[in-house]
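Take a look at the structure below.
Every chain is numbered from 1, with letters handed out A, B, ... down the list of sequences. Because the structure is a prediction, the values reported are computed rather than measured.
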Amino acid sequence: MSDKTTQDTKQQNSVDENKLIVERREKLKALRENGNAFPNDFRRNVVAGELHAEYGNKTKEELEATPIRVKVAGRMMAQRIMGKSSFVSLQDMSGSIQLYVQRDELPEGFYNQQFKKWDLGDIIAAEGTMYKTNKGELSVKVEDIRLLTKSLRPLPDKFKGLTDQEIRYRQRYLDLIMNEDSRKTFQLRSKIVSHIREFLIKKDFLEVETPMMQVIPGGATAKPFTTYHNALDMDLYLRIAPELYLKRLVVGGFEKVFEINRNFRNEGLSARHNPEFTMIEFYEAYADYNDLMDLTESMLRSIAENVIGNTKIKYQDDEYDFAKPFARMTVKESILHFNPDVTEAELDDIEKAKAIATRLDIPLKNSYGLGKIQIEIFEKTVEHRLMNPTFITAYPTEVSPLARRNDDNPFVTDRFEFFVGGREIANGFSELNDAEDQAERFQAQVQEKEAGDDEAMFFDEDYVVALEHGMPPTAGEGIGIDRLVMLFTDSPSIRDVLLFPHMRL
RNA sequence: GGGCCGUUAGCUCAGUCGGUAGAGCAGUUGGCUUUUAACCAAUUGGUCGAGCGUUCAAGUCGCUCACGGCCCA
C-alpha cells in the first residue's frame, strides 16, 4: 500500500470525525500524559436504584445527622455548573443519582482544571455522603470524584433523546443510554424469559439444547438458511425448529423437556418477522393438547400477574384481559363466526370451499386439499380478528404433518394455535407417535416439495426410526418469545424487542 | 415485490414562490456555591443521503439509486 493510499484510508476513516470528537481526543491525550487514562481500580458499593430505595424517604436533617458514605459510578448524563458548585446526573444500570460537587471539597485546582472539562457521556466515579438538596432531591455530596473512561463521541440531544429509528436499531447502545423505555423493554424481556423458565422447571421440565445446525431441517414448514461444513464436506441447514430433536429426547425418556433458543427462517423482514427469532418449545409425555392449553393459559396469566403486575394487558390501542378464561373454538367454528354468510356444509365441500376462497381473492394451487383451503380462508378472514386470548383447535391434518389425528374425526388433528391481538403466539398439539403414519405424512410433504413448495418438509428417516422405538403419548408446543414480549411490552415492531434486529447492509 | 412518507450541523428540527444555510441542545470562551432541559453573554460548527437532469440560479423542481419508517402482498 503506498503512502498516498494510506493517507487516503486515514482520510476515509476520519470522515465522521467532527470538531466535537477532535476536542475530546485532545482531552484524552492530556489524560494519557497525566497517567493511566483508563483506570480500573475503582469499586462502587451501591447503585442508584438502591440509594433511592434506601434513603429516598429520609429527610435532609436525618441524612446529615448520621452521614452515610457511598461509592457510585456511571455515565455522566448532565452537568450543571454554577460557579463554585455543580450538579451532575449519574446514570447506572439501575437508574440515576445526582451528585453535588463543590470546588472547595476537591483538591486544589481539580474542579476548574479537570472536573469542569469533562463531557457528557464520560464514565465517572464518586465517593461522598448521602444528602438532600433544598429542592428535596436525593444526592451524593461529593468528597472525591474521578474520570474512569473518556467518551470520545457526543451523546444525542439531552432533552429530545434519540428518536431516529434507524440509529436506535443499528446503534442499540445509544438507544439504551438515552431511552428509559427501551431499557425497560429489554429488562422485561429478560424477566419474562426467566419467569417462563422457572415456571416449567417448577413443573419438573428439563431444559436442554439441541442442534442449531441440522442435516435435515425439520419441525416446521419454512425456508431454511443453508451453510457448509468444510471438514465434513457437507451442507448443513440452520434449524427452523428444534421439534424433532426434542421429541427424540422424549423417546429417550426425558419425558418433560424444553428449549429456549433461536430459530432461523429464510424469509423477509417485517414488523413481525426477523430471520432469526426466539422460540420456546416444550414437550410433555402422557399429556394431550388440552393439557397444554391449560398450561399455556396458566403460564401466560402468571406472566401477566407476576412480571407485568396486571392481568389487563394494554397493547397499542387495545386492552386484553388475561384474568378471564381464554376462549376456545375450532377452526371451522371461527370461520363460521366471522363469515356469517358461509355455512358449514359449504366449508366441508371442496368445490364450494374453493368458490369461497376465490371470492375472497385467495390464490389457490391445484395441490391444495380441502384442509389447506379451509386454513387459507381462516388466515384471511379470522386470524387478524382474534383479539382477546383465544385458542383455535382442530386444525386439518393436511396442514399438520407432525400432529396426532383426532380420534373421532381423522380429517383434523388434536392441535391448537393461540392468538392475542390478531397474532399467532403459540402452536401446540398432541404429537403424532405412530411411526408409520408419520412416514406417510413425510411422504406427502415430499410430494409437495417436488411439486414446487420449497417450504414443504423433508423426509426425516432418522426421526421415523426414533419413533419406531416408541414415543409415549406426548403433547408439545412452541411459543414465539419475541411476539410474546411485544405483547407484554406494548411494542409495535419485533425490532423493538430484539436488541440487534437484522438491518440491510 | 407494490404504494405512501422520510433523509438538512454531533443530536432534535425549521427552511415560504427556485434567489448567498437557520434555531435549540451539545461544544468553545467568560460569569455564576442548591441546580433539575439550570441560567446570562459571546462564539465555532454544513458533501442539505448519492448521482444525473432542468434552470442564469436547486436544500427546494424532475428522474434514478441507497437506507429507513408505515401500509399492502
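Comparing Asp119(A) and Pro156(A) by the nucleotide of RNA chain B that holds the closest heavy atom to each, the one mapping nearer the 5' end is Pro156(A). Summary of the strand contacts: Leu120(A) and Leu162(A) both lie near RNA chain B, and taking for each the nucleotide with the nearest heavy atom, the more 5' one is attributed to Leu162(A).
Comparing the same atom, C1', in A57(B) and in C4(B) gives a spacing of 31 Å after rounding to whole Å. A gap of 23 Å separates the C1' atoms of G46(B) and C61(B), to the nearest Å. Spacing of C1' atoms, C5(B) relative to U20(B), comes out at 31 Å, to the nearest Å. Taking atom C1' on both nucleotides, U16(B) is separated from G59(B) by 13 Å, rounded to a whole Å. Atom P of U28(B) sits at a distance of 40 Å from the matching atom of C17(B), rounded to the whole Å. The gap from the C1' atom of C25(B) to that of U36(B) amounts to 16 Å, rounded to the nearest Å. Taking atom C1' on both nucleotides, A9(B) is separated from A23(B) by 11 Å, rounded to a whole Å. Spacing between U44(B) and G24(B) at atom C1', rounded to whole Å, works out to 16 Å.
Of the side-chain N and O atoms in Arg504(A), one or more sit less than 4.0 angstrom from OP1 or OP2 of G68(B). Phosphate proximity of G68(B) to Arg495(A): absent, as no side-chain N or O sits under 4.0 Å from OP1 or OP2. Taking side-chain N and O atoms only, Thr163(A) has a distance below 4.0 Å to OP1 or OP2 of C13(B).
Remark: C1' of G27(B) and CG of Asp122(A) are 13 Å apart, rounded to the nearest angstrom. To the nearest angstrom, P of U34(B) lies 10 Å from CD of Gln102(A). Going from atom CZ of Arg153(A) over to atom P of G27(B) covers 17 Å, rounded to whole Å. Rounded to an integer number of Å, the gap from CD1 of Ile177(A) to C1' of C11(B) is 13 Å. If you take CZ of Arg24(A) and P of C11(B), they are 13 Å apart, rounded to a whole angstrom. Rounded to whole Å, atom P of G27(B) lies 17 Å from atom CD of Glu26(A). Here C11(B) presents its C1' atom at 14 Å from CZ of Arg168(A), a figure rounded to the nearest Å. The distance between atom NZ of Lys150(A) and atom C1' of G27(B), rounded to the nearest whole Å, is 11 Å.
Heavy-atom neighbours of Asp341(A) CG from other residues, nucleotides or ligands within 6.0 Å: above the threshold of 12.
Across all strands shown, C32(B) has no partner, as no Watson-Crick or G-U wobble contact with both distances under 3.5 Å is found. In this structure, G27(B) and U43(B) make a Watson-Crick or G-U wobble pair, each of the two defining distances being under 3.5 angstrom. The partner of C65(B), taking Watson-Crick or G-U wobble pairs whose two distances both stay under 3.5 Å, is G49(B). Base pairing annotation: A58(B) forms no Watson-Crick or G-U wobble pair, as no partner gives both donor-acceptor distances under 3.5 Å.
Contact annotation for Gly268(A): no contact, since no heavy-atom pair falls under 4.0 Å across all strands. Looking at heavy-atom distances under 4.0 Å, Met503(A) makes contact with sugar-phosphate atoms alone, never a base. Among the heavy atoms of the strands lying under 4.0 Å from Arg170(A) are primed sugar atoms or P, OP1, OP2 only; no base atom is included. Residue Thr133(A) is classed as a base contact, given a heavy-atom separation below 4.0 Å to a base. Contacts of Tyr100(A) with the nucleic acid, taken as non-hydrogen atoms under 4.0 Å apart, include base atoms. Nucleic acid contact for Lys116(A): none, since no nucleic acid atom lies under 4.0 Å from a heavy atom of the residue. Within the 4.0 angstrom heavy-atom criterion, only backbone atoms of the sugar-phosphate kind lie near Asp164(A); the bases stay farther away.
Using a 4.0 Å cut-off between charged side-chain N and carboxylate O, Lys380(A) and Asp361(A) make no salt bridge. The existence of a salt bridge linking Arg69(A) and Glu143(A) is confirmed by a sub-4.0 Å separation between a basic side-chain nitrogen and an acidic carboxylate oxygen. Comment: Glu276(A) engages Arg262(A) in a salt bridge, judged by a side-chain N to carboxylate O separation of less than 4.0 angstrom. Asp175(A) has a carboxylate O that lies under 4.0 Å from a charged side-chain N of Arg172(A), or vice versa, which qualifies the two as a salt bridge.
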Please list each protein N or O that sits under 3.5 Å from an N or O in nucleotides 71-73 of chain B, with the distance.
none

Where do N or O atoms of nucleotides 43-46 of chain B meet protein N or O atoms at under 3.5 Å, pair by pair?
residue : atom : partner  : partner atom : Å
U44(B)  : O2'  : Lys19(A) : NZ           : 2.5

What pairs of nitrogen or oxygen atoms, one from the protein and one from nucleotides 22-25 of chain B, lie under 3.5 Å apart?
residue : atom : partner   : partner atom : Å
G24(B)  : N2   : Asp157(A) : OD2          : 2.8

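A search for side-chain hydrogen bond (donor to acceptor under 3.5 Å, both in side chains) contacts involving Asp496(A) returns Tyr169(A), not counting sequence neighbours.
Here the side chain of Leu20(A) is nearest to one of C70(B), G68(B), A26(B), namely A26(B). Taking only side-chain atoms of Lys27(A), from C-beta outward, the nucleotide of G27(B), U33(B), C70(B) with the closest atom is G27(B). Between G10(B), U33(B), U35(B), one nucleotide has an atom nearer to the side chain of Lys135(A) than all others, and that is U35(B).
Across Pro389(A) and Val420(A), no two heavy atoms sit closer than the pair CA-CG2, 4.0 Å. The two residues Pro501(A) and Arg495(A) come nearest to each other via the heavy atoms CB-CG, 3.7 Å. The heavy-atom pair separating Glu267(A) from Ala222(A) by the smallest distance is OE2-CB, 3.6 Å. The minimum heavy-atom distance linking Val412(A) with Ala394(A) is given by the pair CG1-O, 3.6 Å.
Side-chain contact between Gln91(A) and Ile177(A) is present, with at least one heavy-atom pair separated by less than 4.5 Å. With contacts defined as side-chain heavy-atom distances shorter than 4.5 Å, the pair Arg24(A)/Arg153(A) does not qualify.
Less than 6.0 angstrom separates the ring centroid of Phe488(A) from the ring centroid of Phe322(A). Checked against the 6.0 Å centroid threshold, Phe326(A) and Phe416(A) do not count as a close aromatic pair. Remark: aromatic rings of Phe429(A) and Tyr395(A) are distant, center separation not under 6.0 Å.
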**Message:** Would Phe87(A) and Tyr100(A) count as a ring pair (Phe, Tyr, Trp, His ring centres under 6.0 Å) here? Give the steps.
**Reply:** CA-CA 5 Å; Phe87(A) 292 92; Tyr100(A) 177 40; 5.0 Å; yes
N/O donor-acceptor pairs under 3.5 Å from side chains in residues 101-109 of chain A, not counting sequence neighbours:
none

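In the interface, the side chain of Glu137(A) is paired with the base of U36(B) through a donor and an acceptor atom under 3.5 Å apart. One donor-acceptor pair, N or O on each side, does fall under 3.5 Å between the base of U35(B) and the side chain of Gln98(A).
Of all the residues in residues 77-93 of chain A, Arg80(A), Ile81(A), Met82(A), Gly83(A), Lys84(A), Ser85(A), Phe87(A) reach under 4.0 Å from RNA chain B with at least one non-hydrogen atom.
Judged by the 6.0 Å distance and 45° axis criteria, Lys71(A) is positioned over the aromatic ring of Phe42(A).
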